[in-house]
Amino acid sequence: RKESSAASDVYKRQVKGKIYKDKDISAVSCINTNKCVLASDETNFLQFFSLKNNKMLMHKDKIKLGKYKNENDIEGLTHDGEYFYAVGSHALSRKKGKYKSSRYHIFKMKIDDNGKLEEIMVSSLSNIIKGSKKLGIFYQKSSKDNGIDIEGLGYYKGKLFVGFRGPIIGMKAQIISFDSQKFWDNDKFEVEHLEFDLKDKRGIRSMEFRDDLLFIVAGASPLNESVKSELVKINLKTKKQEYFSVPNDDLKLEGFEFALDSKKIYFYDSQENGMPTLE
C-alpha cells in the first residue's frame with residue numbers, strides 16, 4: 001500500500017463567492033482551470049467556477065438543469081473536453097426510501113466560458129440498469145438493502161463510465177460503460193460491465209480518468225458505512241490496483257478532480273464550502 005507524502009501540499013482553498021447548499025457537495029469536474037462545475041446533491045442546478053491563484057472564483061448564476069419539483073441528486077460529473085455530463089443517483093431517497101423521478105436522469109451540457117448554458121440534453125439510465133443481469137434486481141431497492149446508488153461518472157475514449165456506491169455484489173464495486181455518442185443518438189449500443197474489489201466492501205464515491213488510468217475514490221457503501229476513504233489507481237488493461245491515502249480520509253469524500261497539472265482537488269460532504277482541499 002502506498003501513502004501520500006506527508007509533505008504534500010494540502011490546504012483548504014479560498015472560496016470567493018457563494019456556494020449554494022455548500023454542505024451537500026457531491027461532485028466536481030473541470031475542463032480546464034477556467035471552466036469548472038460543481039454539484040450539490042440537494043439541488044436541481046450546477047454551479048460554475050474557475051481556479052486562480054489558489055482561489056475558487058464562484059459564478060453567481062446557477063446552471064439550471066430544468067424545471068423539477070425535487071432535487072436531481074447529482075452525484076457524478078465528468079466531461080469530454082467539450083461537453084459536461086451530470087448523473088443523478090438513480091436511487092431511492094436515502095432517509096425515507098421514496099422514489100422521486102427527478103433523481104433518475106443523466107444530462108449532457110455545453111457551457112460557455114462565462115458559465116452560460118448553451119445546450120442541454122436529458123436522458124435516463126433506468127432502462128440500462130433494469131436490463132442488466134447483474135444490476136437489475138437491485139433497481140429501486142433502498143440503500144440499506146444494497147440498492148442502486150450511482151456516485152461516479154467518467155469519460156474515456158468515447159465511452160461514459162458509471163460507478164456505483166451500491167450495490168456491492170460479491171464484495172465488489174460495480175461499473176458499467178457504453179458508447180456515449182450512440183447513447184445520446186439513441187442508436188443501439190452494448191453495455192460493458194466491470195467490477196473491482198476495493199477492499200472492506202467499499203463502493204465508488206467518485207471517479208476520473210487520467211493518462212489511460214482509472215482513479216476511484218473508494219469509500220462508504222451500503223455494506224460498510226463506516227470505512228475510511230482511499231484513492232485507487234487502476235490499470236484497465238492489467239487490472240492492477242494501487243492504493244493511496246487521501247486527505248481527511250475519515251470524512252465524507254465525494255468530489256475529486258485533477259484540477260491543476262498533476263494536483264488533485266477534493267470536496268467533502270457535510271463540510272463548509274465542501275472544504276475544498278488541494279493535494
Side-chain angles (χ1 to χ4, degrees), residues 26-31 35 37 39 41 44-46 63-68 71-91 99-111 117-140 147-167 169 173-196 203-210 212-216 234 236-237 257:
S26 56
V28 60
S29 185
C30 295
I31 290 179
K35 201 169 187 177
V37 290
D41 56 23
N44 48 29
F45 57 82
L46 304 178
I63 302 171
K64 296 182 179 180
L65 298 174
K67 296 181 179 180
Y68 298 95
E71 76 280 355
N72 290 120
D73 197 26
I74 298 301
E75 293 285 0
L77 288 169
T78 192
H79 68 84
D80 62 11
E82 180 180 8
Y83 288 89
F84 283 104
Y85 301 84
V87 67
S89 65
H90 288 64
Y99 171 82
K100 297 179 180 179
S101 61
S102 58
R103 300 159 68 95
Y104 290 73
H105 295 301
I106 183 169
F107 302 86
K108 178 180 181 179
M109 299 155 287
K110 181 176 284 189
I111 301 169
L117 182 64
E118 295 183 324
E119 181 183 342
I120 186 168
M121 298 176 68
V122 186
S123 188
S124 176
L125 301 178
S126 291
N127 287 337
I128 292 177
I129 296 170
K130 287 189 290 186
S132 167
K133 291 181 179 179
K134 276 207 166 188
L135 298 174
I137 60 174
F138 298 96
Y139 184 73
Q140 290 193 14
I148 293 293
D149 194 352
I150 294 171
E151 287 212 4
L153 188 65
Y155 181 92
Y156 176 68
K157 292 186 175 180
K159 291 184 177 182
L160 283 172
F161 287 72
V162 180
F164 294 79
R165 178 183 187 270
I169 304 175
Q174 308 297 307
I175 295 175
I176 57 172
S177 69
F178 49 86
D179 186 284
S180 177
Q181 190 64 51
K182 290 182 179 179
F183 172 79
W184 292 103
D185 287 344
N186 291 314
D187 287 342
K188 291 183 178 181
F189 59 89
E190 293 184 1
V191 178
E192 296 181 39
H193 199 115
L194 300 171
E195 54 183 11
F196 297 98
I204 296 168
R205 307 308 301 266
S206 185
M207 56 193 286
E208 294 291 338
F209 284 92
R210 187 175 179 87
D212 296 325
L213 297 169
L214 170 61
F215 290 81
I216 291 174
I234 301 175
L236 292 181
K237 291 183 179 179
E257 173 65 293

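Quick note: numbers below take in every heavy atom, side chains included, and nothing from hydrogens, waters or symmetry partners.
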For a quick test of your reading: what N or O donor-acceptor pairs under 3.5 Å do the side chains of residues 181-189 make, sequence neighbours left out?
from	atom 1	to	atom 2	distance (Å)
Gln181	NE2	Asp185	OD1	3.3
Gln181	NE2	Asp185	OD2	2.9

Less than 3.5 Å apart, which donor and acceptor atoms pair up between the side chains of residues 153-162 and the rest of the protein, not counting sequence neighbours?
from	atom 1	to	atom 2	distance (Å)
Tyr156	OH	Asp212	OD1	3.2
Lys159	NZ	Glu192	OE2	2.3

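Atom CZ of residue Phe84 and atom CD of residue Glu119 lie 13.5 Å apart, to the nearest 0.5 angstrom. Between atom CG of residue Leu213 and atom NZ of residue Lys237 there is a gap of 10.0 Å, rounded to the nearest 0.5 Å. For the atom pair CD1 of Ile216 and CE of Met207, the computed distance is 5.5 Å after rounding to the nearest 0.5 Å. Separation of atoms CG (Leu194) and CD (Gln174) is listed at 9.5 Å; rounding is to 0.5 Å. With values rounded to the nearest 0.5 angstrom, Ile137 atom CD1 is found 13.5 Å from Ile129 atom CD1. Note that the CD1 atom of Ile150 and the CG atom of Leu135 stand 9.0 Å from one another [nearest 0.5 Å].
The closest donor-acceptor contact from the side chain of Arg103 to the backbone of Gly88 lies at 3.5 Å or more, if one exists at all. For the pair Ser102 (side chain) and Asn72 (backbone), a donor-acceptor distance under 3.5 Å is absent. Panel note: side chain Asp41, backbone Ser26; no donor-acceptor pair is recorded below 3.5 Å. Side-chain atoms of Lys64 do not come within 3.5 Å of backbone N or O of Leu117 as any donor-acceptor pair.
Between Ile31 and Gly81, the shortest heavy-atom distance links the atoms CG2-O, 3.8 Å. A pairwise comparison of heavy atoms in Leu77 and Ser29 identifies CB-CB, 3.8 Å as the closest pair. Nearest heavy atoms, Gly203 versus Ala173: CA-CB, 4.3 Å. Here the shortest heavy-atom pairing between Ile120 and Leu65 reads CD1-O, 3.8 Å. The two residues Asp149 and Ser89 make their nearest non-hydrogen contact at OD1-CB, 3.6 Å. Between His90 and Ser124, the shortest heavy-atom distance links the atoms NE2-OG, 3.6 Å.
By the ring-ring contact (aromatic ring centres under 6.0 Å, His included) test, His79 is found to be paired with no residue, residues two or more places apart in sequence or in another chain being considered. Under the ring-ring contact (aromatic ring centres under 6.0 Å, His included) criterion, Phe196 pairs with no residue, sequence neighbours left out. Applying the side-chain contact (heavy atoms from CB on, under 4.5 Å) test to Glu190 and every residue at least two apart in sequence or in another chain returns nothing. Residues satisfying the salt bridge (Lys or Arg N to Asp or Glu O under 4.0 Å) criterion with Glu82, sequence neighbours excluded, are Lys110.
Between Leu236 and Phe209, some side-chain heavy-atom pair lies under the 4.5 Å cut-off. Using a 4.5 Å cut-off on side-chain heavy atoms (C-beta onward), Phe107 and Leu46 make no contact. Looking only at side-chain heavy atoms (C-beta outward), Ile148 and Pro167 come within less than 4.5 Å of each other. The shortest side-chain heavy-atom distance between Leu214 and Ile175 falls under the 4.5 Å cut-off. Side-chain contact between Tyr68 and His105 is present, with heavy atoms from C-beta onward closer than 4.5 Å.
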**Request:** Kindly determine whether Ser180 and Tyr83 satisfy side chain to side chain contact (heavy atoms under 4.5 Å, CB included), including the steps that lead there.
**Result:** CA-CA 11 Å; Ser180 177; Tyr83 288 89; over 6 Å; no
**side chain to side chain contact (heavy atoms under 4.5 Å, CB included) between His193 and Ile176, intermediate numbers included** = CA-CA 5 Å; His193 199 115; Ile176 57 172; 4.0 Å; yes
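Counting heavy-atom neighbours within 6.0 Å of Lys134 NZ, excluding the residue itself, gives a total above 12.
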